[in-house]
Visitor: 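The structure that follows is given in the form of structure tokens.
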Amino acid sequence: MRSVDDLIAEGVSGRRVLLRADLNVPLDKETGAITDDGRIRASLPTLQALREAGARVLVAAHLGRPKGQPDPRFSLAPVAARLGELLGTTVPLAADVAGEDAREKAAALGDGDVLLLENVRFEAAETSKDDAERAELADRLAALADVYVDDAFGAVHRAHASVFDVAERIPHHAGRLVARELDVLTRLTTEPDRPYVVVLGGSKVSDKLAVIEALLPKVDRLLVGGGMCFTFLAAQGHGVGKSLLEADQVETCRRLLAEAGDRIVLPVDVVCAPEFSADAPTTTVPVDAIPEDQMGLDVGPRTVELFGATLGDARTVFWNGPMGVFELAPFQDGTRGVARAVSAVDGLSVVGGGDSAAAVRVLGLDESAYGHISTGGGASLEYLEGRDLPGLAVLAD
Ligand code: ADP
Ligand code: MG
């Protein structure tokens with residue numbers, strides 16, 4: 001895999017570089033303001049190195065899930081502004097992804113300049129399952145530049161036009177962020193120091209069951225919290241009230257629990273509220289007493305203690321997915337407590353996942369206390385599952 005530093009050594013001054021970056025930052029639902037700019041900051045080292053080497057950089061990125069057509073709610077305009085502030089320069093935003101405006105603005109770039117293309121998901125072809133549709137977009141993207149650099153680690157598990165197809169068309173290199181992420185993930189998959197503990201939370205069990213299956217034979221303990229724990233608790237026969245529940249996954253969770261024995265550790269208490277709101281009254285109950293008319297929105301203090309104790313002697317930890325709805329103040333303590341325990345681990349601690357990484361920062365925890373904070377949740381999970389990631393495979397040859 002050739003790196004962006006190989007490209008710089010080769011000489012990139014005056015050349016147009018298409019840089020796929022992961023700038024998919026969380027936005028405030030009401031104001032549209034960026035609530036955590038971690039991913040933008042993580043993209044700076046590669047971007048700066050290219051600028052300093054005199055490259056003319058066109059940045060391609062996605063934001064949220066627009067429905068394959070332009071939608072002002074998902075415009076990269078706030079990202080262009082923040083990127084410009086961080087770089088100390090103006091970052092113009094093309095009005096389209098790889099259309100007339102992008103071509104005009106790309107042609108006007110000087111050495112060291114940066115142009116941000118509009119949200120690649122404004123084109124339905126970006127995520128299309130139809131090879132020909134993606135190819136047409138990839139052709140237009142490739143025509144904008146001489147070389148391609150992929151630094152969007154958070155998207156390498158997607159066979160999307162701007163991640164996969166475009167790399168087949170022009171010389172391609174891995175950015176510094178992608179290289180660093182790979183380095184850490186390799187350490188997790190090749191003879192990790194033991195005990196090796198994985199902590200999983202977040203909202204969707206169905207998304208993470210495959211990871212659990214793949215990781216179970218490799219880990220010493222798997223701690224499950226967040227919204228996904230309720231499907232496991234239901235599998236143990238507990239009533240879960242109005243909590244998140246994926247009824248069609250209960251059977252699979254039951255089988256996993258039977259296979260794993262005491263290696264899967266579930267919460268023992270949960271913080272409940274009648275509704276999904278920061279103002280609702282909360283009650284903390286043992287997992288066998290979740291009221292029918294309430295939903296579990298965080299793990300309780302006894303669970304934080306239990307998970308903390310399990311993490312106490314760990315030498316390798318991978319944590320993905322918040323333990324509760326940390327976006328709302330009454331449901332932050334579980335995530336904060338477990339995040340602290342992860343950071344205190346004597347060994348390699350890795351945080352993976354957009355929301356988990358955002359939680360570390362939003363809850364005021366010390367980022368430097370972790371061995372590594374990955375920007376890509378889905379991508380790191382798929383890597384740990386041992387799957388081939390299309391965006392990496394295409395960079396390898
Ligand atoms: P990551 O981005 O780190 O991979 P996910 O996207 O899987 O994490 O999950 C993050 C989301 O899970 C957060 O928005 C959080 O509010 C939600 N969540 C956590 N616990 C619960 C819960 N008990 N009920 C509903 N949602 C939850
Ligand atoms: Mg997420």
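One-based numbering, in listed order, for ligands and for the atoms of each.
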Visitor: So, does Tyr148 use its side chain to make a donor-acceptor pair with the main chain of Ser162 at under 3.5 Å?
Guide: yes
Visitor: What I want to find out is whether Asp333 reaches Arg336 closely enough, with some N-O distance under 4.0 Å, to be called a salt bridge.
Guide: yes
Visitor: Would a single hydrophobic cluster contain both Leu223 and Leu257, if residues Ile, Leu, Val, Met, Phe, Trp and Tyr are joined by side-chain heavy-atom contacts under 4.5 Å?
Guide: no
Visitor: Should Thr231 and Gln249 be marked as a side-chain hydrogen bond (donor to acceptor under 3.5 Å, both in side chains) after you check the CA-CA gap, both sets of side-chain angles, and the distance that decides it?
Guide: CA-CA 7 Å; Thr231 306; Gln249 305 294 340; over 6 Å; no
Visitor: Salt bridge check: are Glu123 and Arg140 linked by an N-O gap of less than 4.0 Å?
Guide: yes
Visitor: Using a strict cut-off of less than 4.0 Å between a Lys/Arg side-chain nitrogen and an Asp/Glu carboxylate oxygen, indicate whether Glu213 and Arg255 qualify as a salt bridge.
Guide: yes
Visitor: Listing by chain and number, which residues have a heavy atom under 4.0 Å from ligand 1?
Guide: Gly202, Ser203, Lys208, Gly226, Gly227, Phe230, Leu244, Gly296, Leu297, Asn320, Gly321, Pro322, Gly324, Val325, Glu327, Gly353, Gly354, Asp355, Ser356
Visitor: Do side-chain atoms of Asn119 reach the backbone of Pro70 as a donor and acceptor pair under 3.5 angstrom?
Guide: no
Visitor: After noting the C-alpha distance and the side-chain angles of Thr375 and Glu181, does the key distance pass the side-chain hydrogen bond (donor to acceptor under 3.5 Å, both in side chains) rule?
Guide: CA-CA 8 Å; Thr375 52; Glu181 297 270 10; 3.1 Å; yes
Visitor: What protein N/O/S atoms sit under 2.8 Å from the Mg ion (ligand 2), by chain and number?
Guide: Asp355 OD2
Visitor: Does any N or O in the side chain of Arg134 come within less than 3.5 Å of the main-chain N or O of Ser128, such that one atom is a donor and the other an acceptor?
Guide: yes
